[in-house]
Amino acid sequence: MSPATLLRNALRVLIPLAVACTFYLYLYPIFLGCAFPLPQTDDNVAAFQDTLRQHVLSDSSKAAPFRLLALGDPQLEGDTSIRNYDRESFPHLTWAIRHLTYQTEQPSLRKRLRQVVHDIVDIFFDDIPDTLESIRKRIDLFGNDFYLAHIYRTLRWWTKPTHVTVLGDLLGSQWIKEKEFNRRSWRFWNRSFKGGERVPDEVATYPAEEYDPAGLLGIEDENAAAWRRRIINVAGNHDIGYAGDLTVERLERFERAFGKAAYELRFELPITNPAANATIYNEETNPSSNRLAPELRILNVNNMNLDTPAADQSLQDKTYAFVNDVINTATAVEYQGHFTVVLTHIPLYKPEGVCVDGPFFDFHAGGGVKEQNHLSADASRGFLEGIFGLNGDPNAPGHGLGRKGVVLNGHDHEGCDTYHYINQTEEGDERQWRVIRWPAAKADQLPGKPGVPGLREITVRSMMAMYGGYAGLLSVWFDEDTWEWKFEFATCALGRQYFWWFVHILDLIVLVAIVIYGVLQTAVAAGFNVDKWTGEKVAPPPATANGNGVKKPVDVANGEAKRE
Ligand SMILES: *[C@@H]1O[C@H](CO)[C@@H](O)[C@H](O)[C@H]1NC(C)=O
Ligand SMILES: *[C@@H]1O[C@H](CO)[C@@H](O)[C@H](O)[C@H]1NC(C)=O
Ligand SMILES: *[C@@H]1O[C@H](CO)[C@@H](O)[C@H](O)[C@H]1NC(C)=O
């Protein structure tokens, strides 16, 4: 078989394989049936069909007006994970040469030679493995940027979120120097989250009594388009450090590159039905109503320094002031129609065994939180009882049932979906916050049970390749009958990085093979004997009888015909 034929046969198999794999990879959310949950139904098929409809027909969708693509812990790594970064690759080779060329002090030739032999051994046992591992890591990091980009780009295209958030640990280390920080933020914005934009500072507002909405939901305008591009970045421990590491410099560089670390966004949902609209509270015309104009309050809370001791007390005071102002500017719990989405990094406290990470705290020798898996129980109550106004006391305002909402966070790369609740009928010490997994809470019909205030907390599984490239899809919609916001959450996982690499390498091989095949065919068409170049056996010219070395020309046409 000639090389061209061989290639043609290989391509017959490889092209369909490459096309099928590429299709699957680039359309993976479609093959996996990923979609934002639809309002008022848990029918996944209907949700998928509705997403498809949005791509085909523009305005017949029943999709929720707020659809948040939530991504956990991308953790872009860099120099700190490359072994030979910023040093030479073969230090022992350099030393061996120095010893050999008398550039070093040695008492005797014997010792000099001994050093050389040592260095040569180290080249094989240290330098070469180190260099290979560093090259592997560099390739891995490079591919990882695009693997993450693939998740963001593909899901943003297919699922059509109205908002996007990255729930902290955008970067892999808080210890990196300025130069590396800039390099990673360049990779974040120009590679992994290309097309995304930082939330502008003037939009990311501090909680206040008087505010302008950040946008209107369910209305297609320029502002809605801007929100589809923006990424609500949460500050994580690997971005700015835990309380014991958090300094003004670390916070400033994060905010400069990724947006503010603490702010609120209020989105309003216009009510188009005049009868429903007329039931809304109004100081003059409708003072007895407890219905507020529907509003979604998104709180980006930096919870890195809620626990003590903190390295910078004034930064911690600011965080506490922020949380207090969030509480003071919230509407009274008795009113209906507002919904709070808390985006933060560290999960709330929960006992061992509920999620993969159990409670864990570590402190620097000189004081200062060095590491933590959860917030402390006290700081967690600040969320449950403060921001959400939930209370174990049935005589508390609003019977302790609090505000509607959900907490989204990251940090525990494994992900977890839980329900925090407190049983108001329990007595004394028995009456305390408890946490169970969401499916169990739903099975027990805990959410909404009278006398049992509660809140769902979703820890979004990491989008890192080793955790399967997950993404969360949170839909929030408004039910005009009950005057309540409702929400549901789904996930979509690309899978580990191997398939991503496989498809791109396969595509590359196929492209190169096609080019080579084209060149071979062109060469044959131009009259070259292609077989001769590739070393395939061509009958040697028989020596002439008189041995004078005159060679007979080879019959190209015949040779080809015989081999085919
Ligand atoms: C992204 O790349 C552009 C063009 O090279 C550059 O101007 C911009 O600063 C980059 N963004 C970041 C965050 O580094
Ligand atoms: C709803 O009522 C408010 C007054 O409470 C009014 O300003 C607004 O225009 C009404 N919206 C619609 C769609 O009727
Ligand atoms: C709440 O506590 C009461 C009294 O201890 C108990 O009867 C009830 O089953 C509890 N409810 C839940 C949902 O745990």
Side-chain angles (χ1 to χ4, degrees), residues 39 59 62 64-66 209-221 223-224 266-297 331-332 334-339 348-355 377 380-381 384-385 388-396 398-402 404 406 417-457 477-485:
D59 43 49
K62 293 196 208 61
F66 182 78
E209 296 280 354
E210 299 284 321
Y211 53 85
D212 289 326
L216 300 177
L217 298 175
I219 288 180
E220 196 39 60
D221 59 3
N223 194 36
R266 307 228 193 193
F267 291 94
E268 289 180 356
L269 181 76
I271 293 292
T272 46
N273 171 2
N277 192 43
T279 65
I280 294 174
Y281 168 86
N282 185 301
E283 221 171 349
E284 280 133 35
T285 58
N286 197 4
S288 63
S289 172
N290 70 344
R291 290 183 164 190
L292 298 172
E295 182 186 287
L296 208 63
R297 188 187 199 195
T331 48
E334 292 85 353
Y335 287 88
Q336 284 186 310
H338 284 194
F339 187 86
L348 305 189
Y349 170 82
K350 42 190 84 70
E352 189 77 47
V354 178
C355 298
S380 301
R381 269 203 304 279
L384 298 167
E385 297 177 4
F388 287 96
L390 302 160
N391 207 303
D393 180 359
N395 301 316
H399 306 291
L401 294 176
K404 299 281 175 201
V406 62
D417 195 348
T418 57
Y419 190 68
H420 297 257
Y421 68 97
I422 190 160
N423 185 347
Q424 293 179 333
T425 38
E426 280 178 328
E427 295 293 334
D429 282 352
E430 282 297 297
R431 190 160 72 201
Q432 50 174 287
W433 282 99
R434 298 179 197 278
V435 198
I436 56 172
R437 290 268 191 150
W438 174 251
K442 232 166 94 174
D444 288 354
Q445 297 181 319
L446 278 183
K449 200 172 221 168
V452 190
L455 179 77
R456 186 171 173 188
E457 178 196 9
W477 64 91
F478 191 70
D479 183 341
E480 283 185 19
D481 296 333
T482 56
W483 213 258
E484 268 180 346
W485 289 90

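Ligands are counted one by one from 1 in listed order, and the atoms in each one are counted from 1 as well. Along the sequence shown, residues are numbered consecutively beginning with 1.
Here the side chain of Arg437 pairs a donor or acceptor atom with the backbone of Val354 at under 3.5 angstrom. Checking side-chain atoms of Asn391 against main-chain N and O of Asp393 turns up a donor-acceptor pair under 3.5 Å.
Ile271 counts as a contact of ligand 2, since one of its heavy atoms falls under 4.0 Å from the ligand.
Under the 4.0 Å distance rule, the nearest protein heavy atom to atom 13 (C) of ligand 2 falls inside the cut-off. For atom 9 (O) of ligand 2, the nearest protein heavy atom lies 4.0 Å away or farther. For atom 5 (O) of ligand 3, the nearest protein heavy atom is under 4.0 Å away.
Ring pair Tyr281/Tyr335 is perpendicular by interplanar angle, where above 60° counts as perpendicular and below 30° as parallel.
Taking every heavy atom of Thr425 and a limit of under 4.0 angstrom, the matching atoms of ligand 3 come to 1 (C), 2 (O), 3 (C). Counting the atoms of ligand 3 from 1 in the order shown, those under 4.0 Å from a heavy atom of Glu426 are 2 (O), 5 (O).
Below 3.5 Å of separation, one finds an N or O of Asn423 facing an N or O of ligand 3.
Contacts between Leu446 and ligand 3, counted as non-hydrogen atom pairs separated by less than 4.0 Å, involve the side chain only.
Across all non-hydrogen atoms, the minimal contact from Ile280 to Ser289 is C-OG, 4.0 Å.
Asp212 CG: 12 or fewer foreign heavy atoms inside a 6.0 Å radius.
Under the ring pair (Phe, Tyr, Trp, His ring centres under 6.0 Å) criterion, the residue pairs touching residues 424-453 are Tyr419-Trp438, with sequence neighbours excluded.
Here Asn423 pairs with Thr425 under the side chain to side chain donor-acceptor pair (under 3.5 Å) rule; sequence neighbours left out.
Taking all heavy atoms of Asn277, Ile280, Thr285 into account, the minimum distance to atom 3 (C) of ligand 2 is reached by Asn277.
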